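Worksheet: the structure to be examined is printed underneath.
These figures come from a predicted structure and were not determined experimentally. Note on naming: letters A, B, ... go to the chains in the order of the sequence lines (proteins, then strands), and numbering restarts at 1 for each one.
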Amino acid sequence: MMDLTFTEEQELLRQAAQEFAETRIAPKISEMEETGRVNDEVVRALGEAEMMALTIPEEYGGLGLGYTARLIALEEIGKVSVATAMMLQVLGLGIEPIILAGSEEQKQKYLPGLASGERLATVAVTEATGGSDPGGSRSTYKKDGDDYIINGRKVFITNSHIADTIVALARDEEDDSGRAFSTFIVEAGMEGFKATHREHKVGMRGCNTGELSFENCRVSKDNLLGVEGKGMRVAMAAIGDVGRGGMVGCALGLHAACLEASLKFASERILYGKPISNLQSIQNKLAEMKIDLDAGRLLGYRAAAIQDKGIRSSNEFAVAKYFTTEAAQKAAKVAVDIHGGYGCMEEFAVSRYYRDAAVLGPSAGTSDIMKVIIAGWILKPYRK
Amino acid sequence: MLKIVVCVKAVPDPKEADQIRIDPVSKTLVRVDVPLVLNPLDKNAMEAAVQLKEQFGAHVSVLSMGPPPAANVVKECLALGADQGILLSDRAFAGADAYATAYTLARGIEKIGSYDLILCGRASSDGSTEWVGPELATLLDAPIVTMVKEIIEHGDEWWKLKSGLDNGYRVVRVKLPAVLTVTRELNIPRTLSFSGIVKARRKPIAQWGIDDLDAPEKAVGLKGSPTIVSEMTTQESKREVEMISGTREEMAERLIQKLADAGFLSSN
C-alpha cells in the first residue's frame, strides 16, 4: 500500500524550514524587493541553516537527507520568499552534477564547501539560442595539452554573480557531429571567466540572474566533470531531476502563500455586511486553489519519493513541474482578484506573488517543453 | 558532568487557539484537529539546558507525559540537543491534574536516576496553572526557584539566579539539586536545525507506562487527581475589519479619527 503521509522526521524538517524562513528570511524581503539584489545575510543564513547540505552525502559534509527533504525545505521557504527558494534551488542544481558525476577528488574538493555555504554553485547551460534546446549550444571547448579552453556566453543564469563554483556545459569544437558535449567545473576568478550583465526580472527580486562570459577560459583536466563527450547526460540529469524538482518546490510554496493570503483576506474583508468568504463565488476560487495545491503536492512528492529510491524521476518531475507552475501562476492571479484593488498595491504580498509567478513558467523548462518531454515519455513504447 | 532533566509538555498549537473548545461536561480541552506542539515556555527550559550542556558539558534528559502523539515533541527536544527522551504514556495517566502530573513525572525522574537540575517552563500555554514545577519539587523534596529569568552564577553546589516578580526581581541562591521553572526572559530559544534532526535519529527515545514506574494506579491520572475543574469558560473576542481608502493623507486622517473615537488617543 502506498503511504502518502510524511514521517515524523519529515514533519520536523518542515517545522525547521518554516521557522528558518519566518525568522531569517521574512525580515529581509522588503530590502530584497527594494534593491532587487541578493541579500548577503540571506545567503549566510542559508549556509548556517545547512540548506545547501540537504542532498550532499554525509561523507562529504552534507546531511544526506535526500530530495523529499529538499522539496519540503523549498516549499516552506517558497511560502515566505520565492526569490530565496529559487536561489536555493539553483544552488542545489549546481551541486547535483558534482554528486552525480564528480570524481572522488572533485567531491572531496568541492562538496564540503558547498555544503557549508562557503562555496556557492550554479549550472551554466542556457545560451542566447535558448535553454529549451541545449544541443544547440554554441559555447565550445578544445583540448590544449592537459587543459581545456572554453569560449562562449551563457545567459539567464540564476546565481550568476554570486556563484563561485559553476558547472558549465560546452561543445567539443573539434567534433564534427556537434553532439560531443562536456561539463566543466569553472571557478570564479579563473582567467577568462567573468560574470557580466545582471538581469532585472519582473519578479523574484533578490534572486540574481545574469550572464556569464568565457573568453579563452583555461581549465585543467582536473575540472572536467565526468567523461569527456558525455557532459550533456550529466547536465540533463541534474536539470531534469533536481532543476525541475526545485521549481516544483518554488511553485508549491508560492501557491500555498497565495491560498493563505486569500483565505485571510477573504475572511476579513467585509462586503454587504459580511466577509467576502461567505460569497459562493469567492468560496469556489478558494476551493479550486486548494484542490490544485493538493494535486500539485501529490505529483511533486511522488516524484521526489521516486528520486529518493535512487530512480530517475525526470519524467514524473516534468508532470509535476508543468502542473505546479501552471497552478501557481493561476493561484497568483486568483489571489490578486480576490484582493480586488488591494491586490495591485505593493503593500499586499499578493502583488509580489503575481510578479514572482511569472518567473516560475520558463525556469528549468517552459510548460510547452514539459509537454514535449511528457509526450516523448508516454509515446516511447509506441515509437518504431 | 551536570545531569539535567527537562520536563516538557505537548500542548495544542497556540497559533490555533481559536480552534480549541471546552467540553461542557468534562470541563477538559477538546483538542481534536489541533496539532500538538512543544509548550512555548518549555522551549526556554530546553534552551537553558542546551546552553549549559554547551558551556559545561551535561547529560540532558527530556521527560514528558502525554498521549503517544506527544512523542513528536520529545523528538523535537532531541533534535534541539537533548541526549535521551522519555515519554510517560499510558491510559492510566489520562485525566491527570497538575498534582497527578507532577507525581507521575517525579516517578519518571526517579527511574531516570540522579539529577542536578530539573528545568520546567513556568507554565503551559493550555492549562497555565504554574503548579507542576512547585509540586514536582515538593514530591522530590528538592528546593525550587520559580520564574527564573537569569542564571547569574554557576557554582559547584550553589547557583545564583534572578527570579522574576510582578514588579521587579529577587536574586536567589539555591543549592543543587534543584528544580527551576523558567520564564521567556531567560533566553531566546534556538530554532530546529536540520543537522540536529539528523543527529536525533541516533538518540534513544523510550516510552514508559504505569508498569515501568514505581507508582500505584490510584495515584496517577484522573484517580490520583485531587483537584477538579468545576467551571471553565472561553473568552469571546471579536475583531472587526474596516478597509480605509483614499489618498495617504486622507487614510491617515481617517485612521487617527477612528482611533480617537475608539478612545485610543487622548484629545490633546
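Taken from CD1 in B:Ile205 to CD in A:Glu8, the straight-line distance is 6.5 Å, to the nearest 0.5 Å. Here the straight-line distance linking atom CE of B:Met243 with atom CZ of A:Arg269 works out to 6.0 Å at 0.5 Å rounding. To the nearest 0.5 Å, the span separating CD on A:Glu22 from OG1 on B:Thr191 amounts to 11.0 Å. To the nearest 0.5 Å, atom CD of residue A:Glu50 and atom CD1 of residue B:Ile197 are 9.5 Å apart. Between the CZ atom in B:Arg190 and the OG1 atom in A:Thr23 there is a gap of 13.5 Å [rounded to 0.5 Å]. Between the CD atom of B:Glu242 and the CD1 atom of A:Ile270 there is a distance of 10.0 Å, given to the nearest 0.5 Å.
At most 12 heavy atoms of other shown residues, nucleotides or ligands fall within 6.0 angstrom of atom OH in A:Tyr272. The number of heavy atoms from other shown groups lying within 6.0 Å of NZ (B:Lys203) is above 12. Within 6.0 Å of the CD atom in B:Glu253, the count of heavy atoms belonging to other residues, nucleotides or ligands does not exceed 12. Shown here is B:Lys53, whose NZ atom has more than 12 heavy atoms of other residues, nucleotides or ligands within 6.0 Å. No more than 12 heavy atoms of other residues, nucleotides or ligands shown are found within 6.0 angstrom of CZ on B:Arg184. Around OH of A:Tyr67, the count of heavy atoms belonging to other residues, nucleotides or ligands within 6.0 Å exceeds 12. B:Arg248 CZ: 12 or fewer foreign heavy atoms inside a 6.0 Å radius. The 12-atom threshold is exceeded at CD of B:Glu54, counting heavy atoms of other residues, nucleotides or ligands nearer than 6.0 Å.
Taking 4.5 Å as the limit, every side-chain heavy atom of B:Asn72 sits out of range of all side-chain heavy atoms of A:Glu11.
Heavy-atom distances place the side chain of A:Tyr342, and not its backbone, under 4.5 Å from chain B. The part of A:Glu58 that comes within reach of chain B is its side chain, from C-beta onward, which places non-hydrogen atoms under 4.5 angstrom from that chain. Interface remark: A:Ala69 contributes no atoms to any contact with chain B (heavy atom separation under 4.5 Å).
When all heavy atoms of A:Leu65 and B:Val198 are compared, the closest pair comes out as CD2-CG2, 3.7 Å. Pairing each heavy atom of A:Ala16 with each of B:Phe194, the nearest pair is CB-CE2, 3.7 Å. Nearest heavy-atom pair, B:Leu192 versus A:Glu19, reported as atom, atom and distance to 0.1 Å: N-OE1, 3.2 Å.
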